Amino acid sequence: MAMSQPRSATADVVVVGAGVVGAACAYYAARAGLRVAIVDRGSVAGGTTGAGEGNLLVSDKSPGPELDLTLYSLALWKELGSTLDADAFELERKGGLVVAATVSALETLRTLGTEHRALGIAVLELGPDDLHTHEPHLRTGLAGGASYPQDMQLQPILATAHLLRAAIRDHRASFYPGATVIAVELDEGGRVAAVRTPSGRIATPAVVNAAGTWAGDLAKLAGVDLPIMPRRGFILVTEPLASAGEAPPIRHKVYAAEYVDNVASEASDLQTSAVVEGTRAGTVLIGASRERVGFDRTFALPVLRRLAAQAVDLFPFLASVHVIRAYVGFRPYSPDHLPVIGPDPRVPGLLHACGHEGAGIGLAPATADLITSALVGAAPAVDPAPFSPERFAVASVAGEVDG
């Protein structure tokens, strides 16, 4: 990967952010023939992506624009698996299993499943005995659940690295790690003209804001407000439970039905719900927590204990398993729970690809496809209107009028 600094460079588009969304935007734009420069103040997948589980899920999304974008994005991930070698970034079509502890939670799952099936999504309703056919180590006494064979998983750091490598090696993109954007220059007409870093300037007519939880800060450099906020989450990692070639003790991504509500919640206080899944390395990942505490990276032991207890409640055998590490990350939270994708009408040449919260890994290819369509003037494959930054521009103007 190119590691030089941008003393004086030019590009058709500068992508700010080398997480999975930025890497996908760079790859798709470069593949379309644009000269692409990727800039990141850190390294590859050094932010939210590096703290993610690698989930590619349809099961946790209600019918609407985000689900439509997800279905398209999963199809693109499958294509990328063929193009970039799925095995290299551990793309697994393991399926998801949502479990309900109570009859009322099961009824909610059934309602969502009916809505999903109407859209062509494969959903299998499961009774208590069926759950153990899918996951033999689940505790007894659960009311039932739902199986989603379309759910997938990948290793997010590897996927990001392979997307960047393909953009650089195959399509001549340039990568500048350790280069903080300190200014977005506009011309006299208010259009994007360049980005500046401490080590140099890149002249460009287009900037893609894929800065994750720092997307609001980058937007301010261009003179616009973008309400992206961090939402903290913890993940526990166990010791390896299976060697290469052995059947994993947990076969699917397994999570409690309450997780669906937590994903869509607007609450700022702590929320946790059991999410348990194995990895190709034999470890087990345990989540998930959500809370808005700014960029506070303090390890909260009570939260970690709650996550461990919820995991053991689903899989009692985990009580005797050692946790070898835990990590914390920040999801880029958008107030309306929809990502911000596309051109910003307030600054011509500024495009946003951010605000995905916990779905950025799954939505990265579709986001990149929409961004590239906007850059080259092609018809988008999915309606971009629900994700347009214009909704915040309109809100900003309304606030000025009200004031």
Side-chain angles (χ1 to χ4, degrees), residues 17 19-22 42 45-57 59-62 64-67 69-70 156-157 160 209-220 225-237 253 255-275 277 285-307 310 326-341 352-364 367 386-387 389 391-392 395:
V20 68
V21 173
T48 299
T49 298
E53 295 177 74
N55 297 323
L56 314 180
L57 305 179
S59 56
D60 65 342
K61 296 172 180 66
S62 298
E66 187 180 16
L67 180 56
L69 192 66
T70 299
I157 298 175
T160 303
N209 178 7
T213 47
W214 297 276
D217 294 338
L218 184 72
K220 287 179 182 177
D225 291 325
L226 197 66
I228 302 300
M229 299 166 284
R231 203 176 185 191
R232 187 173 72 179
F234 291 97
I235 294 175
L236 305 177
V237 185
K253 176 188 175 68
Y255 65 86
E258 292 76 15
Y259 175 79
V260 178
D261 292 332
N262 287 355
V263 167
S265 171
E266 297 180 5
S268 61
D269 57 340
L270 175 65
Q271 296 175 304
T272 63
S273 50
V275 179
E277 61 192 308
L285 305 181
I286 298 171
S289 68
R290 281 174 163 77
E291 54 186 330
R292 296 214 305 268
V293 292
F295 285 101
D296 182 358
R297 300 189 68 88
T298 303
F299 267 77
L301 189 57
V303 179
L304 303 184
R305 285 174 172 160
R306 187 189 296 189
L307 292 176
Q310 290 176 334
Y327 53 95
V328 61
F330 299 95
R331 304 174 183 89
Y333 171 83
S334 172
D336 61 4
H337 293 286
L338 287 178
V340 188
I341 306 170
H352 299 294
C354 54
H356 300 79
E357 197 170 339
I361 294 167
L363 294 176
T367 297
F387 315 107
R391 67 192 195 266
F392 299 115

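This one's a predicted model, so the numbers in the text were calculated from it and none came from an experiment.
If you take OG1 on T70 and CG on L57, they are separated by 8.5 Å, rounding to the nearest 0.5 Å. Once rounded to the nearest 0.5 Å, the distance linking CZ of F392 with NE2 of H352 reads 9.5 Å. To the nearest 0.5 Å, atoms CD (E291) and CZ (R331) are separated by 9.5 Å. The line from CZ of R306 to CG of L301 is 12.5 Å long, rounded to the nearest 0.5 Å. To the nearest 0.5 Å, atoms OG1 (T272) and CD1 (I286) are separated by 12.5 Å.
Nearest heavy-atom pair, P156 versus I361, reported as atom, atom and distance to 0.1 Å: CB-CD1, 3.5 Å. Counting all heavy atoms, side chain and backbone alike, G287 lies closest to L307 at C-CD2, 3.6 Å. In plain terms, the two heavy atoms of M229 and P335 that are nearest each other are CE-CG, 4.1 Å. Considering all non-hydrogen atoms of both residues, I341 and P389 come closest at O-CD, 3.6 Å. Taking all atoms of both residues into account, the shortest heavy-atom contact from N209 to A215 is ND2-O, 3.0 Å. The nearest pair of heavy atoms linking L363 to P339 is CD1-CG, 4.2 Å.
In this structure, the salt bridge (charged side-chain N to carboxylate O under 4.0 Å, His left out) partners of D296, at least two apart in sequence or on a different chain, are R232. Taking the side-chain hydrogen bond (donor to acceptor under 3.5 Å, both in side chains) definition, one finds that S334 meets it with D336, sequence neighbours left out. Every residue was checked against the salt bridge (charged side-chain N to carboxylate O under 4.0 Å, His left out) condition with K61, not counting sequence neighbours, and none meets it. Partners of F299 under the ring-ring contact (aromatic ring centres under 6.0 Å, His included) rule, at least two apart in sequence or in another chain, are F234. In this structure T213 satisfies the side-chain hydrogen bond (donor to acceptor under 3.5 Å, both in side chains) test with no other residue, sequence neighbours excluded. Residues satisfying the side-chain hydrogen bond (donor to acceptor under 3.5 Å, both in side chains) criterion with E53, sequence neighbours excluded, are absent altogether.
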(request) List the steps, then state whether side-chain contact (heavy atoms from CB on, under 4.5 Å) holds for D60 with N55. (result) CA-CA 11 Å; D60 65 342; N55 297 323; over 6 Å; no
(message) For a side-chain contact (heavy atoms from CB on, under 4.5 Å) check, start with the C-alpha distance between V237 and L285, then their side-chain angles and the critical distance, and finish with the verdict.
(response) CA-CA 5 Å; V237 185; L285 305 181; 3.9 Å; yes
(request) Verify side-chain contact (heavy atoms from CB on, under 4.5 Å) between C354 and L226, making sure each step is shown before the conclusion. (result) CA-CA 10 Å; C354 54; L226 197 66; 3.6 Å; yes
(request) Might you work through the side-chain contact (heavy atoms from CB on, under 4.5 Å) test for H356 and F387, ending with a clear yes or no? (result) CA-CA 10 Å; H356 300 79; F387 315 107; over 6 Å; no
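Looking only at side-chain heavy atoms (C-beta outward), E357 and H337 come within less than 4.5 Å of each other.
If you run side chain to side chain contact (heavy atoms under 4.5 Å, CB included) between V20 and each of T367, T49, I157, only T49 comes through. Among the candidates D217, L218, V340, the single residue satisfying the side chain to side chain contact (heavy atoms under 4.5 Å, CB included) test with I228 is V340.
With hydrogens and angles ignored, the 3.5 Å screen pairs a side-chain donor or acceptor of T48 with a backbone N or O of F330.
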